[in-house]
**Student:** 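This structure is in structure tokens; I'll ask about it shortly.
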Amino acid sequence: MTSRRPTIGVFDSGFGGLTVLKALLEVIPDADYLYFGDTARLPYGSKSVQTVARYAVEAAHFLEGHKAELLVIACNTATALALGQITSAAHVPVVGVVEPGAEAAASISKTRKVVVIGTEATVCSHAYQKALEARGLQSHEKACPLLVPLVEEGWVDHSVTEHVARIYLNEAFADGFRDADTLVLGCTHYPLLKPLLRRVAPARVSIVDSADSTARAVAARLSNLLQPVAGEERRERARLRFFVTDSVEKFQRLGQAFLGRPLENVQHVDLKE
Ligand code: DGL
């Protein structure tokens, strides 16, 4: 147990996890954050379990090596495919995005039917389906592979993206899931599409953002780990450091839209060094 400002390690395949960091900064503004974006090896969403697990464990060791006291696996794909392996390999608590997202869906769904959208790998793992089933909910998982590149292109409010999203959601809210009342955003990039998805999804549907639910889960976890601290130290602004495996310049340029502020203290790392 520690009474200092916590150092939280956030891991993602690249830029998308900045949506989770943004949510964390709102809920826990008085922490030190280390963000690791594996930009040289993204996307994870089309890779195998073995590959994603190997990359994610390397990143977890890197963050622990930089004194992270708690790890947030912001990447839905890495959480869905490798949370168990990351947790076994790590020496600090690990929080993924799937359980908090499922918990939030369970707390709001009345029809107990939920649609989950995510990458191909996340959907194939059925991690969300299992987490929702454990809470008594039925789910229809739908892979939406075109949405990640469209968001990275900056087309978050573009007619092409709206058309693509409409096709995916029409297919998802079909058959036995016409009465689903909750849409879980099971990918780091989708929070940027929230206004567009709100327009496209059936009006009765509530949208669950795994980033927000995860930030609240991390805050709850920290309250068990940390002793309350009185005084100025906890009220200081968050300190952020970023580590990326590809171009620093590209991360700063693309990342700003995800985090909603300029990115400073960005360092290139090569995990093989
Ligand atoms: N971060 C990934 C996720 O949340 C999306 C991008 C990728 O495929 O690497 O699933």
Side-chain angles (χ1 to χ4, degrees), residues 9-24 35-60 63 71-83 86 94-102 104 115-129 131 141-156 161 164-165 168 183-194 197 207-215 217 242-247 250-251 254-255 257-259 271:
V10 181
F11 163 62
D12 183 55
S13 56
F15 312 92
L18 293 168
T19 57
V20 177
L21 178 60
K22 187 175 179 203
L24 284 163
Y35 181 96
F36 184 96
D38 198 4
T39 45
R41 303 193 289 197
L42 65 75
Y44 281 16
S46 51
K47 293 195 167 62
S48 68
V49 174
Q50 291 77 5
T51 301
V52 169
R54 181 160 56 84
Y55 291 174
V57 166
E58 282 173 18
L63 288 167
L71 298 180
V72 180
I73 310 305
C75 180
N76 284 259
T77 304
T79 301
L81 272 58
L83 186 68
I86 302 167
V94 180
V95 178
V97 284
V98 171
E99 289 292 324
V115 165
V116 181
I117 53 175
T119 65
E120 198 76 56
T122 297
V123 165
C124 288
S125 76
H126 298 303
Y128 273 104
Q129 189 187 76
E141 299 164 296
K142 173 79 187 159
C144 303
L146 293 176
L147 295 184
V148 165
L150 286 166
V151 169
E152 291 191 359
E153 192 59 35
W155 289 15
V156 294
T161 313
V164 168
Y168 283 142
L183 172 66
V184 177
L185 307 185
C187 174
T188 48
H189 288 52
Y190 302 168
L192 274 81
L193 295 175
K194 234 194 274 181
L197 292 170
I207 295 182
V208 168
D209 178 345
S210 299
D212 287 339
S213 349
T214 301
F242 301 91
F243 303 94
V244 293
T245 52
D246 194 22
S247 159
K250 187 174 178 194
F251 182 76
L254 283 187
F258 289 85
L259 191 62
L271 290 183

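Whatever order the structure lists ligands and atoms in, that order sets their numbers, starting from 1. Values reported hereafter were calculated over all heavy atoms of this structure, with side chains retained and with hydrogens, waters and symmetry mates removed.
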**Student:** Who passes ring-ring contact (aromatic ring centres under 6.0 Å, His included) against F258, sequence neighbours left out?
**Tutor:** H189
**Student:** Pick from T188, T119, D12: which one makes a side-chain hydrogen bond (donor to acceptor under 3.5 Å, both in side chains) with T77?
**Tutor:** T119
**Student:** State which residues pass side chain to side chain donor-acceptor pair (under 3.5 Å) with Y44; sequence neighbours excluded, sorted by chain then number.
**Tutor:** D38
**Student:** Who pairs with V156 by side chain to side chain contact (heavy atoms under 4.5 Å, CB included), at least two apart in sequence or on another chain?
**Tutor:**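 For V156, the residues satisfying side chain to side chain contact (heavy atoms under 4.5 Å, CB included) (neighbours in sequence not counted) are V151, L192, L193.
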**Student:** Between T245 and Y55, is a side-chain hydrogen bond (donor to acceptor under 3.5 Å, both in side chains) present by the stated rule, with each step listed?
**Tutor:** CA-CA 11 Å; T245 52; Y55 291 174; over 6 Å; no
**Student:** I need the single residue from V123, I117, T122, V115 that forms a side chain to side chain contact (heavy atoms under 4.5 Å, CB included) with E141. Which is it?
**Tutor:**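 Passing option: V123.
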**Student:** So if I only count non-hydrogen atoms and take anything under 4.0 Å from ligand 1, which residues does that give, chain by chain?
**Tutor:** D12, S13, P43, Y44, G45, C75, N76, T77, T119, C187, T188, H189
